A.B. asks: 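One structure, pasted below without further comment.
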Amino acid sequence: MIKAIIFDFDGVIGNTYDINFEVSKIFDSNMTEQDFIDHHKGNVFEEPKIKFKPEEIPVFFEKQKQKFTPEHFFPLEKILGKLKKEFQLFVISSTIDENIKYFLEIGHYDHFFQKILGATTHRSKVEKFKTIFSQYDLKAEECLFITDTIGDIIEARKVNIKTIGVTWGYHRKELLFEQKPFAIVDNAEELLNVINNLCNE
C-alpha cells in the first residue's frame, strides 16, 4: 500500500530549467544546452557534466534564489491538496534545503509537505530516501517518487522505489523511457490518475 509520495523539486514542482541553465552559463560560458541536459543524467554532485568549483556552488544557489518567483511554480496546487489528504508528502532535491523552503514559502506550497531534504541534508538522493524510510517508518514499496530526470530514476531504483516520470521538466519523454520508470505522465491530472489507479490495484 502506498503511504508516501516523494517529489523532486526542480522540473517537477518548480519550473527552474531556464533559471538554472542561465545561472550555469555564468560559470561555464561554453556550456551547451545538451551539456545541461546530460548533467542531470546522473547525480549532479557525484557525476557532474558541468564542473563547478567548490566556491561557485553557493554563488549558483544564491543567484538561483534571486531569480525564482511565485510564477515559476507549475500549477500543482489542486493535485497536492488532494494527495495530502491520503498520503505523506515529501520533497527530495539536489537544490539546497534553504532555497527549496524559501521557494515553497513564497509560492504558498510549504504546507503540503512534511519534510524537505535537499543538498544541505545530503548530496545523495539514495541517502535521503533512506532518511525518510528511517524517520517516518516507511518501506520502499510504500513510497512513490515523482521526478523529471533519468538520474533520479537511477537513484530511486537503488532503493527499490517506484518512479513516475513527468514530461514537463528537464528530460523529454523519450529519454525518460530509457530508464523504464513505472509510468510517464504529461500533466497533473494524468499523474493523479496513475497514482489513484496504482493504489486501487
Side-chain angles (χ1 to χ4, degrees), residues 1-17 37 40-47 74-95 100 104 109 112-119 121-201:
M1 182 175 70
I2 302 300
K3 296 180 180 180
I5 301 177
I6 305 166
F7 287 82
D8 179 32
F9 183 80
D10 294 276
V12 176
I13 299 171
N15 185 6
T16 60
Y17 184 97
I37 292 169
H40 298 89
K41 289 182 176 180
N43 182 302
V44 297
F45 295 106
E46 295 173 1
E47 308 165 59
F74 291 111
L76 300 177
E77 299 99 325
K78 289 183 180 179
I79 181 177
L80 290 171
K82 291 178 181 178
L83 293 174
K84 187 183 178 185
K85 294 177 183 178
E86 299 184 49
F87 307 100
Q88 299 178 75
L89 303 184
F90 302 92
V91 172
I92 281 183
S93 175
S94 296
T95 290
I100 301 168
L104 293 174
Y109 274 59
F112 292 121
F113 301 102
Q114 285 192 242
K115 191 173 183 67
I116 311 301
L117 297 93
T121 298
H122 205 288
R123 291 188 171 186
S124 166
K125 288 186 178 175
V126 169
E127 294 305 318
K128 287 178 276 199
F129 288 131
K130 291 178 180 178
T131 296
I132 288 178
F133 297 161
S134 173
Q135 290 186 359
Y136 293 88
D137 193 25
L138 290 165
K139 300 175 183 177
E141 59 267 27
E142 294 173 328
C143 301
L144 281 176
F145 183 43
I146 315 301
T147 184
D148 64 312
T149 68
I150 65 172
D152 283 356
I153 295 171
I154 291 168
E155 288 202 271
R157 186 179 298 128
K158 292 177 180 178
V159 290
N160 298 312
I161 292 182
K162 280 189 174 75
T163 56
I164 298 176
V166 305
T167 61
W168 57 80
Y170 284 41
H171 285 166
R172 66 188 186 280
K173 182 180 289 189
E174 294 78 9
L175 194 54
L176 294 170
F177 267 122
E178 291 181 8
Q179 288 300 325
K180 298 179 174 61
F182 173 77
I184 297 175
V185 300
D186 296 320
N187 55 63
E189 195 62 35
E190 191 176 350
L191 174 60
L192 185 60
N193 290 339
V194 169
I195 293 170
N196 288 336
N197 290 339
L198 178 61
C199 293
N200 291 329
E201 288 181 352

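In what follows, every heavy atom counts, from backbone to side chain, and hydrogens, waters and symmetry copies are set aside. Please read these numbers as outputs of a predicted model, since none were measured by experiment.
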A.B. asks: Given 3.5 Å as the limit, does a donor-acceptor pair link the side chain of Trp168 with the main chain of Asp186, or not?
C.D. replies: no
A.B. asks: Are Ile5 and Phe113 side-chain neighbours, meaning at least one heavy-atom pair lies under 4.5 Å?
C.D. replies: no
A.B. asks: Among all residues two or more places apart in sequence or in another chain, which pass the side-chain hydrogen bond (donor to acceptor under 3.5 Å, both in side chains) test with Thr121?
C.D. replies: Asp97
A.B. asks: Short question: side chain of His171, backbone of Ile37 - any donor-acceptor pair under 3.5 Å?
C.D. replies: yes
A.B. asks: Determine, stepwise, if the pair Ile6 / Lys128 fulfils side chain to side chain contact (heavy atoms under 4.5 Å, CB included).
C.D. replies: CA-CA 11 Å; Ile6 305 166; Lys128 287 178 276 199; over 6 Å; no
A.B. asks: Could you give the side-chain donor-acceptor pairs of residues 80-91 under 3.5 Å, partners two or more places apart or in another chain?
C.D. replies:
from: Lys84; atom 1: NZ; to: His111; atom 2: O; distance (Å): 2.5

A.B. asks: Can you label the angle between the Tyr109 ring and the Phe112 ring as parallel, tilted or perpendicular, going by 30° and 60°?
C.D. replies: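 Perpendicular, since the angle between the ring planes exceeds 60°.
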A.B. asks: Measure across Gly118 and Ile100 and return the closest heavy-atom pair with its distance rounded to 0.1 Å.
C.D. replies: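 Nearest heavy atoms, Gly118 then Ile100: CA-CD1, 4.1 Å.
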A.B. asks: For Leu198 and Phe182, run side chain to side chain contact (heavy atoms under 4.5 Å, CB included): C-alpha distance rounded to whole Å, both residues' side-chain angles, the deciding distance at 0.1 Å, then the answer.
C.D. replies: CA-CA 10 Å; Leu198 178 61; Phe182 173 77; 3.5 Å; yes
A.B. asks: Using distance only, find each side-chain donor-acceptor pair of residues 138-146 under 3.5 Å and give its atom names and separation, not counting sequence neighbours.
C.D. replies:
from: Glu142; atom 1: OE1; to: Lys139; atom 2: N; distance (Å): 2.9
from: Glu142; atom 1: OE2; to: Lys3; atom 2: NZ; distance (Å): 3.2

A.B. asks: Can you check whether Thr16 reaches Thr95 side chain to side chain, under 4.5 Å on heavy atoms?
C.D. replies: no
A.B. asks: For Ala188 and Ile79, work out which heavy atoms get closest and say how close.
C.D. replies: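 Reported closest heavy-atom pair: O-CD1, 3.3 Å.
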A.B. asks: How about Lys125 and Asp8: do any of their side-chain heavy atoms sit closer than 4.5 Å?
C.D. replies: yes
A.B. asks: Given side chains that start at C-beta, do those of Ile164 and Ile195 come closer than 4.5 Å, heavy atoms only?
C.D. replies: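 They are in contact (side-chain heavy atoms under 4.5 Å apart), so the answer is yes.
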A.B. asks: To the closest 0.5 Å, what do you measure between CG (Leu175) and OG1 (Thr149)?
C.D. replies: 9.0 Å
A.B. asks: For a quick test of reading the model, state the closest non-hydrogen atom pair linking Gln135 to Lys115 and the distance between them.
C.D. replies: OE1-CE, 3.1 Å
A.B. asks: Does the pair Lys158/Glu155 count as a salt bridge with the N-to-O cut at 4.0 Å?
C.D. replies: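 A salt bridge is absent here (no side-chain N lies under 4.0 Å from a carboxylate O).
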A.B. asks: Any chance you could lay out the side chain to side chain contact (heavy atoms under 4.5 Å, CB included) test for Leu104 and Phe9, step after step, and finish with the verdict?
C.D. replies: CA-CA 10 Å; Leu104 293 174; Phe9 183 80; 3.9 Å; yes
